[in-house]
Amino acid sequence: MKVTVKANANIALTKYWGKKDAALKTPWNSSTSVTLDGLETTTTVEFDKKYKKDEFVLDGKEFGPETDEFKEVKEQLDIIRGKAKIKDNAKVVSNNNFPTAAGFASSASGLAALTFAASKAAGLNLSTKELSIISRMGSGSASRSLIDGFAIWHRGSAKDGSDSFAEQIAPKEHWPEFRILGCVISKNAKKIKSRAGMAQSVKTSPIFEQWYTNAEKDAQAMVKLIKEKKFEELGKLAQSNCILMHACAMTTQPPVIYWAPGTLEVMHKVLEMQDEGMKCYFTMDGGPQVKIICLASDVPKIKAALKEIEYVHEVIECKPGLGPRVVKENLF
Ligand code: 2P0
C-alpha cells in the first residue's frame with residue numbers, strides 16, 4: 001500500500017538542548033512548541049517486494065546508502081518493519097515546501113511525516129503517543145510535530161523511553177491570533193548541527209545542569225501560560241529560555257555560537273519595540289535566524305520595523321498549524 005502524509009515543522013517555545021540517552025533520544029528536560037502552518041513536508045512511502053533495496057528521494061535528489069540522510073530514513077523504516085513484522089524494502093519520496101534557508105528545522109516535519117506514512121503503509125494503526133515516541137527516535141524535535149497546535153514533549157523517566165513523548169496542550173483553534181515571524185538573516189551561515197552541538201554542551205558546558213533544571217521549570221510554566229493565553233508572560237518566558245539555551249551552547253567547548261551580526265540587530269530591535277510597549281519577543285534555534293513571537297494585530301507594525309534592517313532578507317509569517325494527516329495525492 002502506498003501512503004502519503006503531510007506534516008508541519010514546529011518551533012520550540014521552551015527548548016530541548018541535550019540528550020540524556022543518545023540512542024533513545026530522550027532529553028534532559030521537557031520542551032514546548034507550536035506546530036507551524038504552511039511549513040510542510042510531504043512524504044510517500046510504499047513497502048513492496050519489488051524494491052531490491054530501500055530507496056530515498058528528497059526534494060528530487062536520490063540519497064544513496066552511504067549518506068546520513070539515507071541512514072536516518074532506514075533506521076525509522078527498520079523500527080516500523082520490526083513493529084509490523086514485515087521484511088519488504090521501501091521506496092520513500094519526500095518534498096519540503098520550505099522557503100530556502102527559512103531557518104525552520106525540516107528534520108522535525110520530515111521525521112514526523114516519514115514515521116506516520118511508513119506506519120500506515122505497513123498496515124499499522126498506531127496512537128499519536130506511539131508515533132511521537134518513534135518520531136523522537138529519529139529526531140527529538142520531531143516528537144512535537146505529531147501534535148496539532150501547542151505541544152509539550154515530556155522528558156519522561158522510564159529506562160526504555162516509553163514515557164518520553166509529545167502531547168497536546170491546546171489545539172490550533174485555541175489561539176488563532178498567535179503568530180511566529182521567521183526572519184531570514186543569512187542563507188549560508190556555517191552551521192554546527194544541533195545534534196553535534198548539544199552533545200558537546202552536555203559534556204562540556206559548565207552551566208549545563210543549570211540550563212536543563214531551569215528549562216524543565218520553564219516547560220511546565222509554559223503549559224499553564226498557553227492554556228491561560230497569557231501572551232506577555234509567554235513571550236518573556238520563551239525569550240529568557242532561548243537566551244539560556246544559547247548561553248549553554250556558547251559556553252560549550254568548542255563554542256557553539258549560532259548568532260550572526262543580523263541576529264543581534266533583530267534582537268535589539270525587538271527589545272526596542274518592547275520598550276515602546278509592543279508585545280513581541282524573540283527566539284532562535286540552531287542557526288542565525290530570529291523568530292519573533294507576536295499576535296496578528298501587531299504583525300504590520302513589526303514587519304515595517306524589520307524593513308529597516310538590511311540583514312533581514314525575508315520574513316515568513318506562520319500561524320499555529322495542524323498535526324500530520326494522510327492526503328490522497330501520492331508523490332510517485
Ligand atoms: C528545539 N532544537 O527544541 C531545539 C532548540 C534546536 C534548538 O530540537 O539530534 O534536530 O535529531 O534530536 O531535534 C534541533 O535538534 O536534534 C532542536 P536531534 P533536533 O527545537
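Read the numbers this way: they start at 1 and go in the same order the structure lists the ligands and their atoms. The chain is numbered in sequence order, starting from 1.
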- With a 4.0 Å cut-off on heavy atoms, does R136 reach ligand 1? no

- Item | Ligand-side contact atoms (ligand 1) for residue partner S141, heavy atom cut-off under 4.0 Å | 8 (O), 10 (O), 13 (O), 19 (P)

- Task: Check whether any N or O atom of W17, backbone or side chain, sits under 3.5 Å from an N or O atom of ligand 1, and answer yes or no.
- Result: no

- Query: What is the nearest protein non-hydrogen atom to atom 19 (P) of ligand 1, stated with its residue, atom name and distance?
  - Reply: S139 OG, 3.5 Å

- For R195, atoms of ligand 1 separated by under 4.0 Å from a heavy atom: 9 (O), 11 (O), 18 (P)

- Verdict with reasoning, N8 to S109, per side-chain hydrogen bond (donor to acceptor under 3.5 Å, both in side chains): CA-CA 5 Å; N8 292 34; S109 53; over 6 Å; no

- Polar proximity ligand 1 side, K15 side, N/O cut 3.5 Å exclusive: no

- Atoms of ligand 1 less than 4.0 Å from S107 heavy atoms? 10 (O)

- Modelled atom types, side-chain donor and acceptor of N10 and S145, under 3.5 Å: yes

- Looking at residues at least two apart in the chain, or sitting in another chain, which of them share a ring-ring contact (aromatic ring centres under 6.0 Å, His included) with W153? Y16

- Should we say atom NZ of K224 is surrounded by more than 12 heavy atoms from elsewhere, each under 6.0 Å from it? no

- Task: Check the side chains of S31 and K15 for a donor-acceptor pair under 3.5 angstrom, ignoring hydrogens and angles.
- Result: no

- Message: Out of all atoms in ligand 1, which are within 4.0 Å of some heavy atom of D285? Include the element for each.
- Response: 5 (C), 7 (C)

- For A12, the ligand 1 atoms whose distance to one of its heavy atoms is below 4.0 Å: 1 (C), 3 (O), 20 (O)

- Note on the structure: When distances are taken from atom 8 (O) of ligand 1, the protein heavy atom at minimum range is Y16 CD2, 3.2 Å

- Should the ring pair H246 and W259 be called parallel, tilted or perpendicular, given that the plane angle runs from 0 to 90° and is split at 30 and 60? tilted

- Hey, does S31 sit under 4.0 Å from ligand 1 if you only count heavy atoms? no

- Do S201 and W17 have side-chain N/O donor and acceptor atoms under 3.5 Å apart? yes

- Hey, does K19 come in under 3.5 Å of ligand 1, counting only N/O atoms on both sides? yes

- Closest contact, heavy atoms only, F208 versus G18: CZ-CA, 4.0 Å

- All pairs passing salt bridge (charged side-chain N to carboxylate O under 4.0 Å, His left out) where residues 76-95 contributes a residue, at least two apart: K49-D88, D54-R81, K74-D78, D78-R81

- Any M245 heavy atom less than 4.0 Å to ligand 1: yes

- Please state which protein non-hydrogen atom is closest to atom 6 (C) of ligand 1 and give its distance, to 0.1 Å? S194 OG, 3.7 Å

- Filtering K193, M137, R144, M198 for the heavy atom nearest atom 20 (O) of ligand 1 leaves R144

- Apply the test side-chain hydrogen bond (donor to acceptor under 3.5 Å, both in side chains) to residues Q220 and E216: give CA-CA distance (whole Å), side-chain angles for both, the deciding distance (0.1 Å), then the verdict. CA-CA 6 Å; Q220 303 308 332; E216 182 60 30; 2.8 Å; yes

